[in-house]
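What you see is a predicted model; the values in this text were computed from it and never measured.
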Amino acid sequence: MGKDRVSYFYHPNTPLHYYGPSHPMKPYRMKLAHHLILAYKLYNKMDCYRCHPATAAEMAHFHSDEYVQFLSKITPDNLRQYGSVLQKFNAGDTTDCPVFDGLYDFVQLYTGASLDGAVQLNQQQADICINWCGGLHHAKKSEASGFCYINDIVLAILELLKVHARVLYVDIDVHHGDGVEEAFYTTDRVMTFSLHKYGDFFPGTGHIQDVGAKDGVGYSVNAPLQAGITDETYLNDLFIPVFDKIMQVFQPGAIVLQCGADSLTGDRLGCFNLTTHGHADAVKHVKSYGVPTLVLGGGGYTIRNVARCWAHETSVLLDEPISNEIPFNDYYEYYAPDFELHLKPDPSMENVNINLDSIRTELLQHLQDLQGAPSVQMQQVPPSFRILNDDQNEDGEDSKKQKKPHDAELYDNVD
């Protein structure tokens with residue numbers, strides 16, 4: 001069996017956006033990750049695409065028209081005109097979702113990349129699609145939340161549901177994937193699996209008893225964790241056994257994996273003690289099932305470690321081992337003093353997770369109680385976007401122009 005076909009989506013303008021001087025979210029981290037991927041020459045092993053900017057109509061497949069229009073018009077200069085509307089949509093200086101220059105361009109780019117990846121998976125043009133700029137899992141239908149404005153994950157899942165009867169969402173960010181869970185809380189066509197810090201921690205959701213509603217009862221799977229969890233306990237006590245049971249019971253046609261790097265040791269906002277090896281082992285385990293997978297970024301607030309994590313996970317997804325010694329690149333000094341790729345656990349951090357056995361037992365029982373994988377009549381699913389061969393036009397006649405997925409451009413120059 002050959003290696004997976006991997007597509008990588010990136011736009012050089014995405015990391016240039018700036019939330020503000022005291023804000024922990026730094027889009028610049030994506031540039032560090034991208035340059036590590038270049039320095040390790042991983043780009044040679046995958047198809048690299050410049051994503052298309054998502055349109056207002058595409059974003060309105062989940063978000064309200066009014067909210068999308070608000071995002072398209074708001075700027076730091078006209079902020080005062082919006083007053084109560086800012087409060088309604090949870091944006092502005094008094095929230096964790098500031099209005100900054102180029103905000104709408106920013107959300108268009110990270111969302112467009114996730115949609116491009118979903119379309120390629122639907123068209124079987126790739127086995128794995130990577131968008132490290134995406135994974136903004138807190139955004140709601142008509143509200144910004146937790147540094148997230150547009151929920152690219154929900155939009156990508158909706159795209160995948162055009163072709164796949166069932167889609168699995170897996171979230172290894174330290175924060176609960178509340179926006180995605182909420183969007184699909186009442187359906188059995190999407191299962192959400194989130195492992196996160198719970199209790200006096202943003203966003204405050206993700207209790208083990210939050211299992212879904214109506215048709216979706218049993219299809220929200222939450223593993224509430226405490227500070228200090230280590231690679232071994234995270235993977236062996238929870239992630240691997242629960243994920244394996246989900247795959248057995250749910251049998252998804254596609255997977256969306258959110259790889260928030262704030263679950264790493266030493267994160268500015270996180271409180272777990274995972275290393276880059278442990279975090280990537282979760283990714284590797286998902287990959288081992290050979291199901292079409294969209295891999296996204298997410299949180300991560302110690303930016304040098306975010307870059308380390310996502311560069312390493314790119315190598316894992318490509319089955320291309322890379323050196324622990326970081327190669328010289330434009331941001332080499334960020335990795336001082338050791339200039340090494342991998343993180344070591346913090347020996348002074350106590351693992352206060354004492355009830356993982358009971359959490360695992362309860363989750364496995366929830367899954368056992370499901371009646372089996374739901375099915376849908378696929379003729380009711382909307383037709384997918386059609387990509388033409390090099391020598392065909394819309395009517396199937398000869399043509400020299402190829403229609404590309406959502407106008408994603410294949411990179412000639414990956415810088």
Peer 1: Counting C-beta onward and ignoring hydrogens, is there a side-chain heavy-atom pair between V174 and D267 closer than 4.5 Å?
Peer 2: no
Peer 1: Give a yes-or-no answer on whether the side chains of N90 and T95 include a donor-acceptor pair shorter than 3.5 Å.
Peer 2: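 The criterion, which ignores hydrogens and geometry beyond distance, is not satisfied for T95 and N90.
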Peer 1: Between F147 and H23, is the gap from one ring center to the other below 6.0 Å?
Peer 2: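 Yes, the ring centres sit under 6.0 Å apart.
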Peer 1: When you compare the side chain of L367 with that of V221, does any pair of heavy atoms fall below 4.5 Å?
Peer 2: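 Yes. Closest side-chain heavy atoms under 4.5 Å.
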Peer 1: Once salt bridge (charged side-chain N to carboxylate O under 4.0 Å, His left out) is applied, what residue pairs with a partner in residues 87-108 remain, sequence neighbours excluded?
Peer 2: E66-K88
Peer 1: For the residue pair Y198 and H176, is the inter-centroid distance of their aromatic rings smaller than 6.0 Å?
Peer 2: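 Ring-ring flag for Y198/H176: false, centres at least 6.0 Å apart.
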Peer 1: Determine, using ring centers only, whether H312 and H279 are less than 6.0 Å apart.
Peer 2: no
Peer 1: Are Y18 and F100 close enough that their ring centres sit under 6.0 Å apart?
Peer 2: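 Judged by ring-centre distance (under 6.0 Å), Y18 and F100 do not meet the cut-off.
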Peer 1: Which salt bridge (charged side-chain N to carboxylate O under 4.0 Å, His left out) pairs, counting each pair once, include a residue from residues 302-321, with sequence neighbours left out?
Peer 2: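 Qualifying pairs: K3-E320, K287-D319, R308-D338.
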Peer 1: Between K140 and D178, does at least one N-O distance fall below 4.0 Å, as a salt bridge requires?
Peer 2: yes
Peer 1: Indicate whether the side chain of D47 and that of S7 have a donor and an acceptor atom separated by less than 3.5 Å.
Peer 2: no
Peer 1: Ignoring hydrogens and geometry beyond distance, is a side-chain donor-acceptor pair present between T233 and T230 at under 3.5 Å?
Peer 2: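 Side-chain D/A pair, T233 to T230: present.
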Peer 1: Side chains of V167 and I255: does their closest heavy-atom pair fall under 4.5 Å?
Peer 2: no
Peer 1: Counting C-beta onward and ignoring hydrogens, is there a side-chain heavy-atom pair between D152 and L115 closer than 4.5 Å?
Peer 2: no
Peer 1: Mark yes or no for whether R5, through its side chain, and I128, through its backbone, hold a donor-acceptor pair below 3.5 Å.
Peer 2: no
Peer 1: Tell me which one of W132, Y331, Y8 satisfies ring pair (Phe, Tyr, Trp, His ring centres under 6.0 Å) with H34.
Peer 2: Y8
Peer 1: When you compare the side chain of F193 with that of L195, does any pair of heavy atoms fall below 4.5 Å?
Peer 2: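 Yes, their side chains come closer than 4.5 Å.
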Peer 1: Between H164 and R189, is any pair of side-chain heavy atoms under 4.5 Å apart?
Peer 2: no
Peer 1: At their closest point, which heavy atom of P345 faces which heavy atom of P347, and how far apart are they?
Peer 2: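 Reported closest heavy-atom pair: O-CD, 3.2 Å.
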Peer 1: Using a 3.5 Å cut-off and no angle test, enumerate the donor-acceptor pairs between side-chain atoms of residues 234-249 and protein atoms at least two apart in sequence or in another chain.
Peer 2:
{"residue": "D244", "atom": "OD1", "partner": "H285", "partner atom": "NE2", "Å": "2.6"}
{"residue": "D244", "atom": "OD1", "partner": "Y289", "partner atom": "OH", "Å": "2.6"}
{"residue": "K245", "atom": "NZ", "partner": "Q368", "partner atom": "OE1", "Å": "2.4"}

Peer 1: May I ask you to check whether H138 and F202 place their ring centres under 6.0 Å from each other?
Peer 2: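 Distance test on ring centres: under 6.0 Å, yes.
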Peer 1: Strictly by modelled atom types, are D171 and H196 linked by a side-chain donor-acceptor pair under 3.5 Å?
Peer 2: no
Peer 1: So if I apply the side chain to side chain contact (heavy atoms under 4.5 Å, CB included) rule between V180 and each of V256, T192, L136, which one comes out positive?
Peer 2: T192
Peer 1: Does any non-hydrogen side-chain atom of L109 lie less than 4.5 Å from one of F9?
Peer 2: no
